[in-house]
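The structure presented is a predicted model; accordingly, all values stated were derived computationally and were not measured.
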Amino acid sequence: MNDLFTKTDYSLYSNAMTFVRRPYVKNPVSTDADVVVLGVPLDMATSGRPGARLGPDAIRRASVNLAWEGKKFPWDFNVFDKTKVIDSGDLVFDCGDAEDFTYRLEAATSEILKSGKTMLALGGDHFITLPILRAYAKHHGEIALIHFDAHTDTYANGSSYDHGTMFYHAPKEGLISAKHSVQIGIRTEYDYDDHGFKVINAMQANDQSVDEIVSQIRETIADKPVYITFDIDCLDPAFAPGTGTPVCGGLNSDKVLKIIRALAGINVVGMDVVEVSPPYDQSELTALAGATIALELLYVWASRPTQD
């Protein structure tokens, strides 16, 4: 009876409320954690179908399917033996107030970084990456971006609070270096003549080998610190139907996971997974894909050069 409430060998769906069952710590700044998982339940900036505000909860619930394995196949170590990860729940902000949200997310990210930790953000729509990058740039200076997406999000015809304009604003604000940034999986229109980013479009990514793709990524980012942002619509809708702006012709989950694993050793300083929209999901396929990608990003972070 002594382990009635403390037993850790629990059934799969018991208390599925944190990412991969990591400890829940509401105020992460005073802890000795390495990585803070922060949910960002926003979809005010969507241009298509809403629902991404429900993404963080769905990703966490799907992540319990990944919690039992120990070291995740095919990695040769358990990330949680090398990295202390906590879940800080969701960012709280005034509903409908985009300015308040933007301020709060940047401020929360800044506090996490100042305390010597990094962050894995679970979106939410893709706009969340812009205030996060503002905080990272204050801490790291101008950084490189590895961006998985069906869309470049460099469109100038949206508002300041739009999930399609973040990477139009970010280079102009000096947050990221476009020439050291790469976008993978793009299959929608953009300004080919005045873009600035290295693009490996979906047709190229589907035809090229993982080694060819990763070689281009590494050549582009050079030795700069890197932020990785993964919009779930980089995946073809067959593998991730639950998203607001699905586009046919995307990458499959196997290839995406192989690309992410091959990034081990780069200087990753932050990461997010965005645009999971549970109302359009089927059998939690998209939420599971988001959770799996997020866990793989933690392994990449744990493999960065500064690790022992």
Side-chain angles (χ1 to χ4, degrees), residues 40 42-43 45-49 51-52 55 59 120-130 132-133 143-158 162-171 175-176 178 180-192 195-206 208 213-214 216-217 220-221 226-253 255-260 263 268 270-277 280 286 289-290 292-294 296-297 300:
V40 190
L42 176 89
D43 59 14
T46 52
S47 57
R49 306 182 300 186
I59 291 171
L120 166 62
L122 305 177
D125 71 49
H126 211 160
F127 173 72
I128 74 168
T129 305
L130 184 57
I132 291 173
L133 286 176
I143 60 180
L145 184 75
I146 299 176
H147 173 204
F148 294 84
D149 207 321
H151 315 82
T152 64
D153 296 334
T154 56
Y155 310 108
N157 58 347
D162 185 312
H163 74 157
T165 63
M166 305 83 58
F167 307 128
Y168 169 79
H169 294 294
L175 311 181
I176 61 174
H180 289 105
S181 296
V182 57
Q183 300 178 314
I184 305 107
I186 305 302
R187 52 195 186 276
T188 50
E189 185 60 43
Y190 64 95
D191 187 349
Y192 297 88
H195 186 60
F197 294 79
K198 168 70 176 177
V199 172
I200 305 172
N201 68 45
M203 291 187 295
Q204 294 168 330
N206 282 325
Q208 293 176 6
I213 294 168
V214 173
Q216 294 173 76
I217 294 172
T220 302
I221 64 175
V226 179
Y227 188 93
I228 302 178
T229 181
F230 198 104
D231 186 324
I232 205 69
D233 70 24
C234 177
L235 292 169
D236 190 86
F239 300 91
T243 190
T245 50
V247 184
C248 290
L251 281 66
N252 67 43
S253 53
K255 192 156 199 177
V256 157
L257 293 175
K258 287 175 179 174
I259 293 169
I260 292 173
L263 296 175
V268 178
M271 52 224 153
D272 65 50
V273 178
V274 298
E275 297 284 359
V276 171
S277 183
Y280 303 100
T286 314
T292 304
I293 289 163
E296 296 282 350
L297 290 176
V300 173

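Residues D149 and I186 have side chains in contact (heavy-atom distance under 4.5 Å, counting atoms from C-beta outward). You'll find the side chain of D125 stays beyond 4.5 Å of the side chain of V274, heavy atoms only. Between T129 and Y227 the shortest side-chain heavy-atom distance falls below 4.5 Å.
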| request: Report the C-alpha separation of L145 and T229 in whole Å, then their side-chain angles, then the decisive distance to 0.1 Å, and conclude whether the side chain to side chain contact (heavy atoms under 4.5 Å, CB included) test is met. | output: CA-CA 7 Å; L145 184 75; T229 181; 3.8 Å; yes
| said: One pair to check against side chain to side chain contact (heavy atoms under 4.5 Å, CB included): I146 and V268. What are the steps and the verdict? | reply: CA-CA 10 Å; I146 299 176; V268 178; over 6 Å; no
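In terms of modelled atom types and a separation under 3.5 Å, the side chain of R187 and the main chain of M203 share no donor-acceptor contact. The backbone N or O of M166 sits nowhere less than 3.5 Å from a side-chain atom of D153 that would complete a donor-acceptor pair.
Not counting sequence neighbours, H163 has no partner by the ring pair (Phe, Tyr, Trp, His ring centres under 6.0 Å) test. Scored by the ring pair (Phe, Tyr, Trp, His ring centres under 6.0 Å) test, F167 finds H126, H147 as partners (sequence neighbours excluded). When the side chain to side chain contact (heavy atoms under 4.5 Å, CB included) test is applied to K255, the partners found at least two apart in sequence or on another chain are V210, I213, N252, I259. The side chain to side chain contact (heavy atoms under 4.5 Å, CB included) check on H169 picks up L130, T165, E173, with sequence neighbours excluded. Applying the ring pair (Phe, Tyr, Trp, His ring centres under 6.0 Å) criterion to F197, with sequence neighbours excluded, gives H195.
Looking at every heavy atom in both residues, L133 comes nearest to A170 through CD1-CB, 4.3 Å. Smallest separation of non-hydrogen atoms from D43 and T46: O-OG1, 3.0 Å. Of all non-hydrogen atoms in C234 and V256, the two that sit nearest each other are SG-CG2, 4.5 Å. Counting all heavy atoms, side chain and backbone alike, T188 lies closest to A150 at OG1-O, 2.9 Å. Of all non-hydrogen atoms in I132 and A121, the two that sit nearest each other are CD1-CB, 3.7 Å.
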I'd like a table of donor-acceptor pairs (distance under 3.5 Å, sequence neighbours excluded) in which one partner is a side-chain atom from residues 235-246, with atom names and distances.
residue, atom, partner, partner atom, Å
D236, OD1, G249, N, 2.7
D236, OD1, G250, N, 2.9
D236, OD2, A238, N, 2.9
T243, OG1, E275, O, 2.8
T245, OG1, D233, OD2, 3.2

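Exactly one of L263, I260, D272 qualifies for a side chain to side chain contact (heavy atoms under 4.5 Å, CB included) with L297. That residue is I260.
Other residues, nucleotides and ligands contribute at most 12 non-hydrogen atoms within 6.0 Å of the OH atom of Y168.
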